[in-house]
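Notes to accompany the following structure.
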Amino acid sequence: MPLAPEQLVRAEILALKAYAVAAADGMVKLDAMENPYRLPEALRRELAARLADAQINRYPDPGGRRLCELLAHKMQVPAGMELLLGNGSDDLIQIVTYALARPGAVMMIPEPTFVVYRMNATLSGMTPFGVPLAPNFTLRREAFLAELRAHRPALVFIAYPNNPTGVLYPEADVEAVIRASEGLVVLDEAYHVFARRSFLPRLAEFPNLVVMRTVSKLGLAGIRLGYLAGRPEWVAQFNKVRQVYNVSVLTQVAATFALEHLEVLEAQAEAICAERGRLGEALAGLPGVTVFPSQANFFLLRVPDAVRAFDGLCRQGVLVRSFHGTHPMLAHCLRVTVGTPEENRILLNALREALG
Ligand SMILES: Cc1ncc(COP(=O)(O)O)c(C=O)c1O
């Protein structure tokens, strides 16, 4: 008699909840921190021609060497550092975690943060250890350093700026964590294009630091490409964990094309940053709404009743993300992506109505 999944699957996986992605058909989609702008029509046609030319009958270049060279040049990766590509930075989080998951190893994270770190700790058999952020979501530096000394984590993930809060920790606090850690510190700079602060230029100063980024927030979420920069000694180990062909031919071609036109994507990011200022002020003016300061392309809001506000927004065709019930510090919190001026206008009107 074959056994049921509950009898065969590991207990910690049975206890996990799958990462939920809401259906968004026909909605104003402000739930996933995507860039609302597409590539201009002329560039899309050029891209189509490049993709048509791609050799999809062949396996991709396993390390994506040419793409790495272009990325290193465009992102000014310091000399002596190497790049590792991932199927999105989610893939890189998994690769790094699996590589460091020795029996008993601890992963330390400031929380609340991106849930995928903790999920991968659990999946890989690492022990996740969350250190609570301050009520305004800044890093409690001394508390974090004390836990670091007490638990000696093999791995620390810091999202810089953080998701879902948007807060960028002071550079000196992050530096103190890197210096105090005997394990590897991964700075996840997924929102770098909006925050424009980075430890990438400082990689050579810290033997225990790697920096991760993604092209997702830059306007290419659909192609799935993340990259990690670090010393060759680290990248060599991670390369053993990576699936051989983790970045497809089509992704490599599309990313190369997009990087050749990086200024178009950066101009879109600039427009989003300008819009972030306007949206933040307008949200803060709504009755009963607290807006946390954000250096990313989204805002975390606390509203009087998140369930009612979320449902009210959905009914009006606006999809945001509710964090109510996911972590005690996120009670009645919603996260909204900065959209186009028109999308933001719709959001503001709908939220005003939903709160009323
Ligand atoms: C902090 C952080 N890291 C990584 C990711 C995942 O990015 P990717 O689309 O490259 O997998 C996200 C996505 O929201 C994020 O917020």
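Keep in mind that this is a model prediction, so the values were computed, not measured.
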Rounded distance (nearest 0.5 Å) linking atom CD of E263 with atom CD of Q268: 10.5 Å

Looking only at heavy atoms, the pair that brings C68 and G63 closest together is SG-O, 3.6 Å

Counting only heavy atoms not in Q243, do more than 12 sit closer than 6.0 Å to its CD atom? no

Heavy atoms, side chains only, cut-off 4.5 Å: are T138 and L133 in contact? no

Who passes ring-ring contact (aromatic ring centres under 6.0 Å, His included) against F206, sequence neighbours left out? none

Would you say the side-chain atoms of T251 pair up with the backbone N or O of I223, donor to acceptor, closer than 3.5 Å? yes

Side chains of Y227 and S89, heavy atoms from C-beta outward: is any pair under 4.5 Å? no

Tell me whether T337 contacts the main-chain N or O of M33 through its side chain, where contact means a donor paired with an acceptor under 3.5 Å. yes

Side-chain contact, heavy-atom cut-off 4.5 Å: L84 with N239? yes

Do the side chains of R65 and E69 get close enough for a salt bridge, i.e. N-O under 4.0 angstrom? no

Is the backbone N or O of N208 less than 3.5 Å from a side-chain atom of W234, with the two atoms forming a donor-acceptor pair by type? no

Tell me whether the count of non-hydrogen atoms from other residues, nucleotides or ligands lying under 6.0 Å of CZ in R66 goes above 12. no

Counting distance only, does the side-chain N/O of Q252 pair as donor-acceptor with the main-chain N or O of V249 below 3.5 Å? no

Report the C-alpha distance between I158 and V177 in whole Å, list the side-chain angles of each, state the deciding distance to 0.1 Å, and finish with yes or no for side chain to side chain contact (heavy atoms under 4.5 Å, CB included). CA-CA 10 Å; I158 296 182; V177 170; 3.9 Å; yes

Does the salt bridge (Lys or Arg N to Asp or Glu O under 4.0 Å) test come out yes or no for E34 and K29, once each step is laid out? CA-CA 9 Å; E34 293 142 331; K29 191 172 184 314; 3.1 Å; yes

Heavy atoms only: give me the nearest M126-L100 pair and the separation to one decimal. CE-O, 3.3 Å

Quick one, M119 and K17 - any side-chain contact, counting heavy atoms below 4.5 Å? no

Does a salt bridge link K74 with E260, judged by any charged N lying under 4.0 Å from a carboxylate O? no

side-chain hydrogen bond (donor to acceptor under 3.5 Å, both in side chains): which pairs involve residues 292-306, sequence neighbours left out? none

Without swapping roles, check the side chain of R140 against the backbone of P132 for a donor-acceptor pair under 3.5 Å. yes

Approximate separation, where rounding is to 0.5 Å, of E233 CD and F238 CZ: 11.0 Å

Sorted by chain and residue number, the ring-ring contact (aromatic ring centres under 6.0 Å, His included) partners of F299 (sequence neighbours excluded) come out as none

Check whether H151 reaches the backbone of P153 with its side chain - one donor and one acceptor, N or O, closer than 3.5 Å. no

Any Lys/Arg nitrogen of R152 or E182 sitting under 4.0 Å from an Asp/Glu carboxylate oxygen of the other? yes

Is R213 close enough and on-axis enough to F199, meaning under 6.0 Å and within 45°, for cation-pi? no

With F257 via ring-ring contact (aromatic ring centres under 6.0 Å, His included) - residues at least two apart: H261

Side chains of I93 and V186: closer than 4.5 Å at any heavy-atom pair? no

R118 pairs by side-chain contact (heavy atoms from CB on, under 4.5 Å) with which of I109, L123, T113? I109

State plainly whether the residues E171 and R197 are in salt-bridge range, i.e. N to O under 4.0 Å. yes

Are F157 and M329 joined in one hydrophobic group, where the rule is that I, L, V, M, F, W and Y side chains link up if heavy atoms are under 4.5 Å apart? no

Counting only heavy atoms not in L51 (residues, nucleotides, ligands), do more than 12 fall under 6.0 Å from its CG? yes

Cation over ring, R321 on F323, under 6.0 Å and within 45°? yes

Just by distance, do the side chain of D173 and the backbone of Y169 share a donor-acceptor pair under 3.5 Å? no

For V28, side chain to side chain contact (heavy atoms under 4.5 Å, CB included) partners two or more places apart: L30, V318, E343, I346

Take atom CG in D25; do more than 12 heavy atoms of anything else shown fall under 6.0 Å from it? no

Side chains of F298 and Y191, heavy atoms from C-beta outward: is any pair under 4.5 Å? yes

Can you tell if the side chain of L220 reaches within under 4.5 Å of the side chain of N35, non-hydrogen atoms only? no

Ignoring hydrogens, what is the shortest heavy-atom contact between D31 and R335? Give both atom names and the distance. O-NH2, 2.7 Å

For P110 versus F144, what's the shortest heavy-atom pair and its separation? N-CE1, 3.7 Å

Measuring from atom CZ of F114 to atom CG of N162, what distance do you get when rounded to the nearest 0.5 angstrom? 10.5 Å

Determine, step by step, whether V211 and L228 satisfy the side chain to side chain contact (heavy atoms under 4.5 Å, CB included) criterion, reporting the C-alpha distance in whole Å, the side-chain angles of both residues, the deciding distance to 0.1 Å, and the verdict. CA-CA 6 Å; V211 171; L228 175 150; over 6 Å; no

Reported OG1-to-CD distance for the pair T165 and E111, which is rounded to 0.5 angstrom: 12.0 Å

Among residues at least two apart in sequence or on other chains, which ones pass ring-ring contact (aromatic ring centres under 6.0 Å, His included) with Y59? Y245

Can you check side chain to side chain contact (heavy atoms under 4.5 Å, CB included) on L330 and L300, steps first, answer last? CA-CA 9 Å; L330 296 174; L300 188 74; 3.8 Å; yes

Between E12 and T122, does any side-chain donor sit less than 3.5 Å from a side-chain acceptor? no

Measure from the side-chain N and O atoms of R38 to the backbone N and O of G219, and report whether any donor-acceptor pair falls under 3.5 Å. no

Do Y117 and D188 meet the criterion of a side-chain donor-acceptor pair at a distance under 3.5 Å? yes

What is the distance from atom CG of L85 to atom CG of D61, rounded to the nearest 0.5 Å? 9.0 Å

Can you tell me how far the OG atom of S181 sits from the CZ atom of R149, to the nearest 0.5 Å? 12.0 Å

Between E205 and R179, is the closest basic N to carboxylate O distance under 4.0 Å? yes

Specify the closest pair of heavy atoms between L351 and A309, including all atoms of both residues, with the distance to one decimal. CD1-CB, 4.4 Å

When you check the gap from the basic side-chain N to the acidic O, do D90 and R224 get nearer than 4.0 Å? yes

Search all heavy atoms of A176 against all heavy atoms of L145 and return the closest pair with its distance. O-CD2, 3.7 Å

For a 4.5 angstrom cut-off between non-hydrogen side-chain atoms, does L209 reach L184? no

Test item: E82 side-chain N/O and R231 main-chain N/O as donor-acceptor pair under 3.5 Å: no

Counting only heavy atoms from other residues, nucleotides and ligands, does the tally under 6.0 Å from CZ of R44 exceed 12? yes

Does E41 pair with R45 as a salt bridge, N-O distance under 4.0 Å? yes

Report yes or no: do N87 and N246 form a side-chain donor-acceptor pair below 3.5 Å? no

